[in-house]
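Read through the structure below, which is laid out as structure tokens, and then see the notes.
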Amino acid sequence: MRTQSRRLKWKEPEFRSLAAVIACTLYFAVLLVPVGGCSTDTGKRKLVVYSPHGKEMLSAFEKQFEARYPDVDVQWLDMGSQDVYDRVRTEKVNPQADIWWGAPLTTFAKAEAESLLEQYTPSWAEFVEAEMKSHAGFWYGTFATPEVIMYNNRLVHEEEAPRDWDDLLHPKWRNKIIIRNPVASGTMRVIFSAIIQREAARTGDPDAGFAWLRRLDANTKTYAADPTQLYLKIAREEGLVSLWNLPDVVLQKETNGYPFGWNIPVSGTPLITDCIAIVRGTKNRADAELFYEFVTSRDAMIQQASEFFRIPARTDILRDDLPDWIRSLNFVTMKLNWQEIEAQERAWMRKWDEEVKGKGISH
């Protein structure tokens, strides 16, 4: 585990790179050490944030929040949204996080059902559509995120790039697709679940979705352990095509200069509602509410749209205040049964992991 100064800032791959015994030892050590209250050597109140939003955005809002509230020390852990859920679930009897910032609504709905979240009504609650927030006030949508087909535009010309989901099954992409491991990724879980629903609706056969995923698996070279590995493998030309979310693709292209192009599937794309919530049992409820409001304020949402390529879920942000890239978006939203995805996602991913991964069949 590598730390930056004394902060709890480590990336998931670095955490995973440790030997299992050491990792387990440290993990349980963390469980035994309270993190709330004035526990830092500076006397500041510590606020722990679990989030998949990436070091760029997390670092920026950590600094801005601490500048506004100098008595608070924000500490964040950047990891996949499914990993956040698993961790919050594991820590239920001894919560270590105060805020959970980022995951699809299906993941937050499961967390709500398992009593992992606390109720909180943000000041802007009325400006989020009903289907993008918890009916009981446990979580609220912050971003609307379309899923895309990403490609290395240094080797794949725009006119040759896959334009729709079925294009990914063409033999010319054999061993040229790299996918983030869906077991640990909320984004990929939703994409795969959407494909399963689409194929079941199209054929009347519930297994048709898994047949489609077997064909995708046949074209897949490898599954990346985390988003960073995914970006590097595509940028280094170890693979040419992937499936991912639009904001992260644009962020990596604009911020890190990666050679990424993207197409929103023409037949329709899942539009994921990305959410925020307070973790049940937080020892810093007041600071958690301050952070919640700070990173979801109108100004913060406009900054996140302009600098971090996030599409605000709030309806009270004027179109003219948003950057050109959002105003120019034009896509078809895939119709999904989110209740079914919430109920079946875990079983579907288990079936994919046991019966599809590495066993793909090309046609």
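Everything numeric in this text was worked out from a predicted model, so none of it was measured. Below, all heavy atoms of this structure are taken into account, side chains as well, without hydrogens, waters or symmetry copies.
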Flag yes if Y231 and L155 sit in one hydrophobic cluster, no otherwise; membership is Ile, Leu, Val, Met, Phe, Trp, Tyr, and two members link when side-chain heavy atoms are under 4.5 Å apart. yes

F260 meets the ring pair (Phe, Tyr, Trp, His ring centres under 6.0 Å) criterion, sequence neighbours left out, with Y258

Main chain of T145, side chain of D274: is a donor-acceptor contact present, judged purely on distance under 3.5 Å? no

Heavy-atom pair of closest approach, residues G80 and R180: CA-NH2, 3.9 Å

I'd like to know whether the aromatic ring centres of W100 and F108 sit less than 6.0 Å apart in this structure. yes

With heavy-atom distances below 4.5 Å as the criterion, would you say the side chains of L116 and V279 are in contact? no

I272 side, atom CD1; L246 side, atom CG - distance, nearest 0.5 Å: 11.5 Å

Do Q344 and E340 have side-chain N/O donor and acceptor atoms under 3.5 Å apart? no

Got W76 and H53 here, is their nearest side-chain heavy-atom distance under 4.5 Å? no

Just verifying a value: how many Å separate I276 CD1 and Y140 OH, rounded to the nearest 0.5 Å? 12.5 Å

Testing the basics here: between E66 and V72, what is the closest heavy-atom pair and its distance to 0.1 Å? CG-O, 3.4 Å

Sidechain N-carboxylate O distance under 4.0 Å for K110, E114: no

Can we say R327 and D324 salt-bridge, meaning some charged N sits less than 4.0 Å from an Asp/Glu carboxylate O? yes

Could you walk me through whether L168 and V241 pass side-chain contact (heavy atoms from CB on, under 4.5 Å), step by step? CA-CA 8 Å; L168 295 165; V241 175; 3.6 Å; yes

Residue pair L58 / W101, side-chain heavy-atom distance below 4.5 Å: yes

Taking all heavy atoms of A305 and all of W325, pick out the closest pair and write down the distance. O-NE1, 3.3 Å

Tell me, do P182 and M349 make a side-chain contact under 4.5 Å, heavy atoms counted? yes

State yes or no: are the ring centers of F192 and W352 separated by less than 6.0 Å? yes

Ignoring hydrogens and geometry, is there a side-chain-to-backbone donor-acceptor pair from K233 to A224 under 3.5 Å? no

Assess whether a salt bridge exists between D248 and R310, defined as any Lys/Arg side-chain N lying under 4.0 Å from an Asp/Glu carboxylate O. yes

Pairwise distance CZ(F308) to CD(Q303) - rounded to 0.5 angstrom: 6.0 Å

Checking side chain to side chain contact (heavy atoms under 4.5 Å, CB included) between Y151 and each of K176, H157, E158, which is the one that passes? E158

How close do P146 and I311 get, counting heavy atoms only, and between which atoms? CD-CD1, 3.7 Å

For the CE atom of M334 and the CZ atom of R198, what is their distance to the nearest 0.5 Å? 6.0 Å

Would you call L230 and I178 a side-chain contact if the rule is heavy atoms closer than 4.5 Å? yes

Test item: Q96 side-chain N/O and N94 main-chain N/O as donor-acceptor pair under 3.5 Å: yes

Does the side chain of E62 come within less than 4.5 Å of Q75's, by heavy atoms? no

Apply the side chain to side chain contact (heavy atoms under 4.5 Å, CB included) test between I264 and each candidate in L329, N330, D164, I149; give the one that qualifies. L329

Quick one, L251 and N256 - any side-chain contact, counting heavy atoms below 4.5 Å? no

Taking the side chain from T203 and the backbone from E199, do they hold a donor-acceptor pair closer than 3.5 Å? yes

Check whether K359 reaches the backbone of E354 with its side chain - one donor and one acceptor, N or O, closer than 3.5 Å. yes

Test your reading of the model: is there a side-chain donor-acceptor pair from K283 to the backbone of P95, 3.5 Å cut-off? yes

Under the criterion salt bridge (Lys or Arg N to Asp or Glu O under 4.0 Å), I'd like the reasoning laid out for E118 against R285: C-alpha separation, chi angles, the key distance, then a yes or no. CA-CA 9 Å; E118 294 198 353; R285 173 70 189 229; 2.6 Å; yes

What's the spacing between W139 CH2 and Q119 CD if we round to 0.5 Å? 13.0 Å

Side-chain ion pair, R202 and D166, N-O less than 4.0 Å: yes

Between CD1 of I326 and OG of S306, what distance do you get to the nearest 0.5 Å? 7.5 Å

Walk me through it: do E91 and Y50 pass the test side chain to side chain donor-acceptor pair (under 3.5 Å)? CA-CA 12 Å; E91 296 172 349; Y50 288 177; 3.0 Å; yes

If you compare all heavy atoms of K357 against all heavy atoms of D353, which two are closest, and at what distance to 0.1 Å? CD-OD1, 3.6 Å

Please check this pair: side chain of T269 against backbone of E147, looking for a donor-acceptor N/O pair closer than 3.5 Å. yes

Looking at V49, T282, V48, which hits side chain to side chain contact (heavy atoms under 4.5 Å, CB included) with I99? V49

Residue pair Q82, T107: steps toward the side chain to side chain donor-acceptor pair (under 3.5 Å) verdict: CA-CA 7 Å; Q82 185 63 29; T107 307; 4.5 Å; no

Nearest heavy atoms of I191 and W244, plus distance in Å: CD1-N, 4.4 Å

Mark yes or no for whether K133, through its side chain, and V128, through its backbone, hold a donor-acceptor pair below 3.5 Å. yes

Could you go through D287 and R45, starting from their C-alpha distance and side-chain angles, then the distance that decides it, and tell me whether this counts as salt bridge (Lys or Arg N to Asp or Glu O under 4.0 Å)? CA-CA 8 Å; D287 290 330; R45 302 188 302 274; 2.7 Å; yes

Check: P265 main-chain N/O paired with N263 side-chain donor or acceptor under 3.5 Å: no

How far apart are the C-alpha atoms of D98 and Y292, what are their side-chain angles, what is the distance that settles it, and do they pass the side chain to side chain donor-acceptor pair (under 3.5 Å) test? CA-CA 10 Å; D98 303 298; Y292 194 126; over 6 Å; no

When you measure from the side chain of R280 to the backbone of L117, do you find a donor-acceptor pair of N or O atoms at a distance under 3.5 Å? yes

Any side-chain heavy atom of E129 within less than 4.5 Å of one from T315? yes

